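First the structure, in the form of structure tokens, and then the observations on it.
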There are 2 protein chains.
Amino acid sequence: MTRKHSKYESGCPVAYALDIFGDRWGLLVIRDMAVKGARTYGELQNGWEGISTNILAQRLKQLEEAGILSKSKDPENGRSYIYALTQKGRDLAPVLADIALWSAKYNKAGHAMTGFSDKVRADRDGVITRIRAGKLP
Amino acid sequence: MTRKHSKYESGCPVAYALDIFGDRWGLLVIRDMAVKGARTYGELQNGWEGISTNILAQRLKQLEEAGILSKSKDPENGRSYIYALTQKGRDLAPVLADIALWSAKYNKAGHAMTGFSDKVRADRDGVITRIRAGKLP
DNA sequence: TTTGATAACTTGCATTTTGCAAGTTGATAG
DNA sequence: CTATCAACTTGCAAAATGCAAGTTATCAAA
């Protein structure tokens with residue numbers, strides 16, 4: 001991620017990853033694609049958290065530059081683009097899965113969604129394998 | 001995390017977690033404690049990435065409020081406090097481990113640290129168990 | 001063909017977060 | 001007592017995010 005605040009550059013693996021998706025929206029965009037199957041700008045715009053249009057556009061560009069996702073023209077609709085996670089992006093499945101497990105354990109809110117975390121709890125390896133294969137969890 | 005930009009509130013587990021550590025520094029503070037064994041403000045201040053003093057103070061307070069870490073007076077040094085990850089914080093070990101593995105696979109920088117990710121690659125469960133038990137990986 | 005709708009952004013400005021660097025306060029050591 | 005240290009705090013600047021209106025290219029219908 002090309003932030004003005006210089007990248008961490010510490011060489012630590014956690015820092016390296018956070019340089020790519022350690023902002024407010026990066027991992028949520030990736031989640032929308034991996035877990036919900038979002039593929040277009042409009043679908044991502046209609047995500048659960050209400051990302052701003054300028055931030056979404058910027059994030060998509062940065063994640064594309066980081067090799068996390070790819071952007072191609074939609075052959076069936078000249079106005080639309082298709083965004084897809086690359087293998088590099090899909091390989092973040094274990095991170096998403098374990099974050100969901102952690103949250104399921106500690107989030108006491110009554111309105112918490114449990115679909116994804118329930119699936120992970122039931123079959124963590126299966127969920128990860130499917131996301132890595134480009135399928136829904 | 002009490003950010004003015006309203007919390008996501010979507011109910012999604014990933015969003016719940018990012019509300020707590022989805023800022024620029026949260027997960028790095030947690031890493032410093034889990035992976036390096038940092039326990040004092042000074043040790044955290046001397047982290048690999050150069051966090052600002054005001055941000056560190058603020059983050060420690062927020063993470064304490066979120067139940068990720070605890071703060072207690074150092075009985076041997078009246079000027080110092082000891083910060084320790086709670087079980088809730090230590091339960092983020094799988095997330096840290098997965099991030100490290102992912103980065104080891106995709107970070108091509110020659111100066112990348114490989115200690116933690118090598119340990120995870122060799123024995124992911126062992127690393128997670130040790131961190132969860134409050135030990136170093 | 002024209003008109004209206006739509007997808008994907010872009011733009012201008014406001015608010016919030018992070019960064020820099022100096023400063024303060026309480027505790028310790030000599 | 002003075003000097004040093006640990007843990008912040010403070011004031012301001014820079015960067016990131018949010019809001020809401022706007023623009024452009026493409027598609028669909030009349």
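What you see is a predicted model; the values in this text were computed from it and never measured. A, B, ... follow the sequence lines: proteins, then strands. Residue 1 opens every chain.
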*Rounded distance (nearest 0.5 Å) linking atom CH2 of Trp25(A) with atom CG of Leu63(A)*: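 The CH2 atom of Trp25(A) sits 13.5 Å away from the CG atom of Leu63(A).
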*Can you tell me how far the CD1 atom of Ile30(A) sits from the CD1 atom of Ile131(A), to the nearest 0.5 Å?*
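Separation between the atoms: 11.5 Å.
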[N] OP1/OP2 closer than 4.0 Å to side-chain N/O of [X]:
X        : N       : value
Tyr83(A) : dC9(C)  : yes
Trp25(B) : dT17(C) : no
Lys71(B) : dC8(D)  : yes
Tyr8(B)  : dT17(D) : no
Arg24(B) : dA15(D) : no
Thr40(B) : dA6(D)  : no

To the nearest angstrom, how far is [X] atom [atom1] from [N] atom [atom2]?
X        : N       : atom1 : atom2 : result
Arg59(B) : dT9(D)  : CZ    : P     : 14 Å
Asn77(B) : dA27(C) : CG    : P     : 11 Å
Tyr81(B) : dT28(C) : OH    : P     : 11 Å
Asp74(A) : dC27(D) : CG    : C1'   : 12 Å
Gln58(B) : dG19(C) : CD    : C1'   : 12 Å
Asp23(B) : dT17(D) : CG    : P     : 11 Å
Lys61(B) : dA7(D)  : NZ    : P     : 17 Å
Leu60(B) : dC8(D)  : CG    : P     : 7 Å

_The test is side chain to side chain contact (heavy atoms under 4.5 Å, CB included); show your working for Gln45(B) and Thr53(B) and say whether it passes._
CA-CA 7 Å; Gln45(B) 181 69 77; Thr53(B) 57; 2.9 Å; yes
*asked:* Lys119(A): which residues meet the salt bridge (Lys or Arg N to Asp or Glu O under 4.0 Å) condition with it, sequence neighbours left out?
replied: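 For Lys119(A) there are no salt bridge (Lys or Arg N to Asp or Glu O under 4.0 Å) partners, ignoring immediate neighbours.
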*Start with the C-alpha distance between Asp23(A) and Arg59(A), add both sets of side-chain angles, then the distance that settles side chain to side chain contact (heavy atoms under 4.5 Å, CB included), and finish with yes or no.*
CA-CA 9 Å; Asp23(A) 63 293; Arg59(A) 248 353 134 263; 2.4 Å; yes
*Among residues 42-54 of chain A, which residues get a heavy atom nearer than 4.0 Å to DNA chain D?*
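Contacting residues: Ser52(A), Thr53(A), Asn54(A).
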Enumerate donor-acceptor pairs with a distance under 3.5 Å from any side-chain N or O in residues 31-38 of chain B to protein atoms, sequence neighbours excluded.
| from | atom 1 | to | atom 2 | distance (Å) |
| --- | --- | --- | --- | --- |
| Arg31(B) | NH1 | Glu49(B) | OE1 | 3.4 |
| Arg31(B) | NH1 | Glu49(B) | OE2 | 2.9 |
| Arg31(B) | NH2 | Glu49(B) | OE1 | 2.7 |

*Given pairs defined as Watson-Crick or G-U wobble with both distances under 3.5 Å, what dot-bracket annotation applies to DNA chain D, with ( ) intrastrand, [ ] crossing, | other strand and . unpaired?*
||||||||||||||||||||||||||||||
Counting only pairs under 3.5 Å, give me each side-chain donor-acceptor contact of residues 95-116 of chain A, with atom names and distances, residues two or more places apart or in other chains.
| from | atom 1 | to | atom 2 | distance (Å) |
| --- | --- | --- | --- | --- |
| Asp98(A) | OD1 | Arg124(A) | NE | 2.9 |
| Asp98(A) | OD2 | Arg124(A) | NH2 | 2.9 |
| Asp98(A) | OD2 | Arg124(B) | NH2 | 2.9 |
| Trp102(A) | NE1 | Lys88(B) | O | 2.9 |
| Ser103(A) | OG | Ile99(A) | O | 3.1 |
| Ser103(A) | OG | Pro13(B) | O | 2.7 |
| Lys105(A) | NZ | Asp91(B) | OD2 | 2.7 |
| Tyr106(A) | OH | Asp91(B) | OD2 | 2.5 |
| Asn107(A) | OD1 | Ala109(A) | N | 3.0 |
| Lys108(A) | NZ | Lys105(A) | O | 3.2 |
| Thr114(A) | OG1 | Asp118(A) | OD2 | 3.3 |

_Please determine whether any donor N or O and acceptor N or O are separated by less than 3.5 Å between the side chain of Arg79(A) and the base of dT6(C)._
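When only heavy-atom distances are counted, Arg79(A) does reach the base of dT6(C) through a donor-acceptor pair under 3.5 Å.
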*Are Trp48(A) and Leu56(A) linked, directly or through other ILVMFWY residues, by side chains that come within less than 4.5 angstrom of each other?*
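No: no chain of side-chain contacts under 4.5 Å links Trp48(A) to Leu56(A).
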Under 3.5 Å, sequence neighbours excluded: what are the donor-acceptor pairs made by side chains of residues 70-85 of chain A?
| from | atom 1 | to | atom 2 | distance (Å) |
| --- | --- | --- | --- | --- |
| Ser70(A) | OG | Ala84(A) | O | 3.4 |
| Asp74(A) | OD1 | Glu76(A) | N | 2.9 |
| Asn77(A) | OD1 | Arg79(A) | N | 3.0 |

_Within the 4.5 Å heavy-atom criterion, are Lys135(B) and Thr129(B) side-chain neighbours or not?_
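A side-chain contact under 4.5 Å is absent here.
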*Looking at the side chain of Tyr41(B), which of dA8(C), dT18(C), dC8(D) is the nearest nucleotide?*
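Nearest to the side-chain atoms of Tyr41(B), counting from C-beta on, is dC8(D).
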